[in-house]
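Comments concern the structure below.
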2 protein chains.
Amino acid sequence: MTTSCLAERLGELIDLSDSEKAALGSLELRERTLRRGVVLLREHDKAPELFVVRRGTMMSYVILPDGSRQIVRFLFRGDLIAMAGLVYRTAPETVIALTECAVASVDRAAVGSLAVEHPRLAALLIAVDQIERVALTDRLAGLGRTSAKARVAALLIEIRNRLRVVDGTGGDSFHLGLTQEEIGDATGLTAVHVNRMLRQLQDEGLIARDGGRMTFVNEAALLRTAHHTARDSARAAGVDLSWLPPAR
Amino acid sequence: MTTSCLAERLGELIDLSDSEKAALGSLELRERTLRRGVVLLREHDKAPELFVVRRGTMMSYVILPDGSRQIVRFLFRGDLIAMAGLVYRTAPETVIALTECAVASVDRAAVGSLAVEHPRLAALLIAVDQIERVALTDRLAGLGRTSAKARVAALLIEIRNRLRVVDGTGGDSFHLGLTQEEIGDATGLTAVHVNRMLRQLQDEGLIARDGGRMTFVNEAALLRTAHHTARDSARAAGVDLSWLPPAR
DNA sequence: CGCGGACTTGACGTCCCTCAACGCCAGTGG
DNA sequence: CCACTGGCGTTGAGGGACGTCAAGTCCGCG
């Protein structure tokens with residue numbers, strides 16, 4: 001691995017200086033590999049550690065008092081895990097591996113020094129937070145105001161788009177590593193209803209399924225039923241980082 | 001106003017140095033006052049400005065393709081508005097005044113220089129983002145997995161708690177400056193059903209209503225029906241900011 | 001006095017949940 | 001080799017929570 005995952009992620013937004021790359025690289029400490037299903041961090045754990053995803057996909061969720069689960073976020077290469085651990089003494093979410101994964105731990109104090117040594121990177125972290133906040137906002141609107149079918153379609157699209165960035169696979173076919181129950185817990189539905197919605201999307205010719213494999217047959221229609229709004233990320237024209245201070 | 005709103009907000013987390021207070025104060029530029037209902041920023045606006053709320057309460061929302069509205073966030077004194085404007089060239093949300101308000105605009109480039117001059121403040125901004133992310137997460141779980149009654153109760157509690165911090169009023173009675181339609185748009189319900197839930201909470205003796213005035217009659221029961229989980233904020237024991245770099 | 005906006009309440013419809021049964025498949029142990 | 005098990009997916013029937021539609025009240029305001 002020539003550059004660190006964080007450098008790779010932030011490098012999608014701007015060109016990093018060599019010393020910035022080095023600083024990000026030295027943030028990532030001990031690597032740890034996880035098998036599918038392993039819990040990296042449990043809700044209410046004391047003094048949670050921070051991590052970066054190096055390989056594989058993970059998810060985070062909360063459990064409500066009645067035992068139901070809400071999946072909050074899916075995590076891919078370069079994502080920071082448990083940044084809330086910077087602030088709270090106790091983890092707000094459980095984080096678990098969906099596939100074979102590798103994560104690197106990040107030292108809290110190192111984030112502080114990073115802000116001193118590389119102010120531009122601190123500013124970039126703020127920017128990344130904003131991007132994620134907007135994504136959370138979109139999911140909030142989906143849960144509050146869209147139909148079951150739209151939510152399922154939106155989830156499929158989101159996962160596909162993120163996998164595409166990570167894998168670099170351009171195809172419309174991908175391996176959705178989620179059970180229908182997990183899809184339900186992410187979209188606020190029951191597994192049974194998720195099944196019906198998938199079947200409906202399939203019967204309408206928007207998607208095709210084969211085992212764990214998922215194919216977008218009519219992507220335009222799928223985007224429409226998901227009420228998808230493209231938010232150009234990365235180097236796209238929609239992003240403006242001209243306010244960043246100079247690199248160090 | 002002796003200190004700036006931002007300094008006040010961040011000062012709830014740690015003691016700021018004089019030069020930090022001064023730096024935050026100089027971030028806040030032209031003040032602007034807004035009457036109830038005035039739109040400060042509209043979704044899809046180009047090159048949105050950044051603001052801080054100085055006085056009053058505001059909200060932000062998005063409109064979905066079918067015309068329905070999802071209220072994303074309520075904003076109070078010291079909250080940063082449209083931080084997403086740091087990244088995106090076009091505003092992701094509409095921001096509107098719920099009461100008479102005053103806001104101060106913030107220069108994008110000044111945020112960049114702040115990171116250079118006062119790394120600890122940049123790190124604090126990251127911390128504040130995390131606190132808000134966790135709050136958004138809680139709302140997400142509420143929308144996905146709780147009943148209408150729980151959602152309405154949770155909203156009442158959230159608003160009361162935030163007003164309490166701002167007003168310093170310790171009472172259990174407060175002015176909820178929202179129509180039932182707005183409550184519905186925040187909780188993913190219709191105005192009609194919000195009305196029924198409020199009536200039910202009232203009939204069960206959890207709340208009392210008088211005009212726009214709202215009183216918590218049985219707060220413990222209200223917290224329970226909202227599935228409320230206290231996340232100690234501010235200087236509470238639940239927060240750990242020992243990793244911050246030294247002040248400047 | 002008329003008007004519009006917010007609140008209230010009832011009747012009815014629908015979307016999604018609940019419960020239940022069944023099939024498929026991968027283990028796993030005999 | 002087969003029986004047994006548990007997890008996941010699939011489908012149907014029925015019910016409940018919430019939405020829709022409609023009517024009426026109250027209140028502030030021109």
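Throughout, protein chains are lettered first and strands after them, A, B, ... in sequence-line order, and every chain is numbered starting at 1. Atom set for the values below is all heavy atoms of this structure, side chains included, hydrogens, waters and symmetry mates excluded. Everything quoted here is computed from the prediction, not taken from an experiment.
Residues from residues 181-192 of chain B with heavy atoms under 4.0 angstrom of DNA chain C, sorted by number: B/V192. Within residues 60-74 of chain A, no residue has a heavy atom under 4.0 Å from DNA chain C. Residues of residues 195-214 of chain B having a heavy atom closer than 4.0 Å to DNA chain D, listed by number: B/R196.
For the residue pair A/T225 and A/A153, the shortest heavy atom distance occurs at OG1-CB, 3.6 Å. For A/I63 against A/Y61, the heavy-atom pair with the smallest separation is CD1-CE1, 3.8 Å. The two residues B/F51 and B/R32 make their nearest non-hydrogen contact at CZ-NH1, 4.5 Å.
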N/O-N/O pairs, protein side and nucleotides 22-27 of chain C side, under 3.5 Å:
none

Distances for protein N/O vs nucleotides 25-30 of chain D N/O pairs under 3.5 angstrom?
none

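With hydrogens and angles disregarded, no donor-acceptor distance shorter than 3.5 Å links the side chain of A/S105 to the backbone of A/L29. Proximity of a side-chain donor or acceptor of A/R77 to a complementary backbone N or O of A/V53 within less than 3.5 Å is not detected. Checking side-chain atoms of A/R54 against main-chain N and O of A/V103 turns up no donor-acceptor pair under 3.5 Å. Side chain of A/E28 to backbone of A/L6: a donor-acceptor contact under 3.5 angstrom is found.
In this structure A/E204 satisfies the side-chain hydrogen bond (donor to acceptor under 3.5 Å, both in side chains) test together with A/K149, sequence neighbours excluded. In this view, A/V134 and A/D138, A/R231, B/A84, B/Y88, B/P92 satisfy the side-chain contact (heavy atoms from CB on, under 4.5 Å) rule, not counting sequence neighbours. Among residues two or more places apart in sequence or in another chain, the side-chain hydrogen bond (donor to acceptor under 3.5 Å, both in side chains) test is passed with A/R133 by B/E93. Among residues two or more places apart in sequence or in another chain, the side-chain contact (heavy atoms from CB on, under 4.5 Å) test is passed with A/A82 by A/L41.
What separates CD of B/Q180 from C1' of C/dA6 is a distance of 8 Å, to the nearest Å. One can place CG of B/L143 at 19 Å from P of D/dA17, the figure rounded to the nearest angstrom. With rounding to whole Å, B/H193 atom NE2 is found 15 Å from C/dG10 atom C1'.
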Do any side-chain atoms of residues 214-222 of chain B form donor-acceptor pairs under 3.5 angstrom with protein atoms, and if so which ones, sequence neighbours left out?
residue, atom, partner, partner atom, Å
B/T215, OG1, B/S173, OG, 3.4
B/N218, OD1, B/A221, N, 3.1
B/E219, OE2, B/R160, NH2, 2.5

Counting only pairs under 3.5 Å, give me each side-chain donor-acceptor contact of residues 175-186 of chain A, with atom names and distances, residues two or more places apart or in other chains.
residue, atom, partner, partner atom, Å
A/T179, OG1, A/E181, N, 3.4
A/T179, OG1, A/E182, N, 3.1
A/Q180, OE1, A/N195, ND2, 3.0
A/E182, OE1, A/T179, N, 2.9
A/D185, OD1, B/R145, NH2, 2.5
A/D185, OD2, A/R69, NE, 2.6
A/D185, OD2, A/R69, NH2, 2.8

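Across its full length, the helix from C/dC1-D/dG30 to C/dG30-D/dC1 shows an angle of 30° between the axes of its 5 terminal pairs at either end, rounded to 10 degrees.
Positionally, the nearest nucleotide of DNA chain D for A/L178 lies more toward the 5' end than for the other of A/L178 and A/R145.
Environment of CZ in A/R209: crowded, with over 12 heavy atoms of neighbouring residues, nucleotides or ligands closer than 6.0 Å.
Classification of B/R30 and B/E49 as a salt-bridged pair holds, one side-chain N sitting under 4.0 Å from a carboxylate O.
Between the CG atom of A/L155 and the CZ atom of A/R139 there is a distance of 7.0 Å, given to the nearest 0.5 Å. One finds the OG1 atom of B/T229 at 8.0 Å from the NE2 atom of A/H44 (value rounded to the nearest 0.5 Å).
In this structure, B/D172 and B/R164 have side chains that are in contact, with non-hydrogen atoms separated by less than 4.5 Å.
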